[in-house]
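Reading through the structure tokens given below for one structure.
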Amino acid sequence: MNTRVKRLVLPLGGAVAATTMIGATLAGTAGATTAPAKKLVTMASASQAQKISEYWTANGGAKFKAATQYTNNSETSGKIKLGGGDAAPDGKAGVVPPIGGEPKVTAKVKNINLPKTIGKVFFVADGNLYWCSASSIQSKYHNLVATAGHCVFDESITNGALDYWVFVPGYYQGKAPWGVYVGKAAYTHYDFAVYEDFDSDYAFVTVYNGLTFGGVKQVDKATYDKWQSLKYTKGENYYVVLFKDAGRLGDNVGGQGFTWNQKPGQPVYIFGYPASAHPDGDKPFTGVTPKWCYGKTFAAAPAAAFKAEAQIGLKCSMTAGSSGAPWILKYSNTKRLGYINGVSSLIGDADGNGRIDFSTSPYFDSETYAIYKSAANLWSGSLVTSDGDLVKKA
């Protein structure tokens, strides 16, 4: 029997969120004996971010609505075993509290309050518009996004990062309620960026302060000529488009905590934006609103096609579009916060009945923490000048 495994929302041919507290927490290495080989790429200077923000926000965000999940199928022979992989701690377990402090574990409830931290990342690949799922995560400067590595990196392009990359928390039908956050720099494990080893299919991206539309203003010609952002003329009149600084990502939507070296078998929630049809053609998801799965993780079986030998899995029916979705341990339904313990990487049909029934995530160990720690201490800053123009220089 052939079992279908899908790469989720693959970009450019890639494969199937208190400063003092965080600063102190990030000081240790929690058992890591050697530093992992990290891959850092610059995604956009401030001047480049101007073009990126204009690209996505033009025409009322029409490009957001035009974007779609990108899928790339890979066939594997035989029935997939839900267990038997090598995911295991490589040191002591550790946690970084979410923005706002460590939440208390609450009892299971029927109605799940979705976290404010989740949203979509949008990017361009080969001229096409795509998106993945993602979440704001705790960091020193409240400016960090966690998602899948294949939603950020592709070694086949010039600097290894996908083009026109932005994060939109709370995205819904072309709207960005908390602004658009342009990616500045991204970290992942060297093994994923170079070898597409899905045991390290995660990425942490620092983003600039968010941008929101600030209206249109009539100006004189001198101001018009100096304006860096969108502008236009109407007859003999000059107009410029104003932007507002929406502030830091984590200040607006919060940020999930981070945890690593947790033993498989603990309950987690996955929050993502599934969109594709199941292999049998049924299409229960639209990708417009986020969905969730809940259950206990297990050590996932190896997937040789993706060099994945130490991932964790969860029984889940989310289809493609959920790639990069956060796996949240000890999620508080009241505070809408918990600890990110993984991100959706692969999906598949374990019993071959034409229905997606499981998701996997790279196992977050001490190396993951070391890479997260590097990204969590990077500053980004604002893209907007005091008069509402976008900055010109990096």
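Keep in mind that what you see is a predicted model, and the values were worked out from it rather than measured.
The number of heavy atoms from other shown groups lying within 6.0 Å of NZ (Lys217) does not exceed 12.
A centroid separation of less than 6.0 Å is found between the aromatic rings of Trp260 and Phe258. Within the 6.0 Å centre-distance limit, the rings of Phe198 and Phe192 are counted as a close aromatic pair. Tyr171 has its ring centre no less than 6.0 Å from the ring centre of Tyr273. Between Tyr372 and Tyr202, the ring center distance fails the sub-6.0 Å criterion. Proximity of the aromatic rings of Tyr187 and Phe204 is defined here by a centroid distance below 6.0 angstrom, and this criterion is not met.
Legend: residues meeting ring pair (Phe, Tyr, Trp, His ring centres under 6.0 Å) with Phe271, ordered by chain and number and at least two apart, are Tyr269, Tyr331. Under the ring pair (Phe, Tyr, Trp, His ring centres under 6.0 Å) criterion, Phe213 pairs with no residue at all, not counting sequence neighbours. Judged as a ring pair (Phe, Tyr, Trp, His ring centres under 6.0 Å), and not counting sequence neighbours, Trp165 has no contacts. When the ring pair (Phe, Tyr, Trp, His ring centres under 6.0 Å) test is applied to Phe285, no partner is found at least two apart in sequence or on another chain. In this view, Lys221 and Asp225, Tyr238 satisfy the side-chain contact (heavy atoms from CB on, under 4.5 Å) rule, not counting sequence neighbours.
Residues Leu40 and Ile371 fall within the same hydrophobic cluster, defined by Ile, Leu, Val, Met, Phe, Trp and Tyr side chains chained together at heavy-atom separations under 4.5 Å.
Between Asn252 and Tyr181, the side chains place a donor N or O and an acceptor N or O closer than 3.5 Å (distance only, hydrogens not considered). If you check the side chains of Gln256 and Thr117, you find a donor sitting under 3.5 Å from an acceptor. For the residue pair Asp191/Ser200, the side-chain donor-acceptor check at 3.5 Å is not satisfied.
Across every non-hydrogen atom of Ile99 and Leu337, the tightest pair is O-CD1, 3.4 Å. For the pair Arg248 and Asn209, the tightest heavy-atom approach, listed with the atom from each and the gap, is CG-OD1, 3.6 Å.
Applying the salt bridge (charged side-chain N to carboxylate O under 4.0 Å, His left out) definition to pairs two or more places apart or across chains, those involving residues 270-293 are Asp280-Arg355, Asp282-Arg355.
Between Trp327 and the choices Ser135, Ser345, Ser344, the side chain to side chain donor-acceptor pair (under 3.5 Å) rule is met once, by Ser344.
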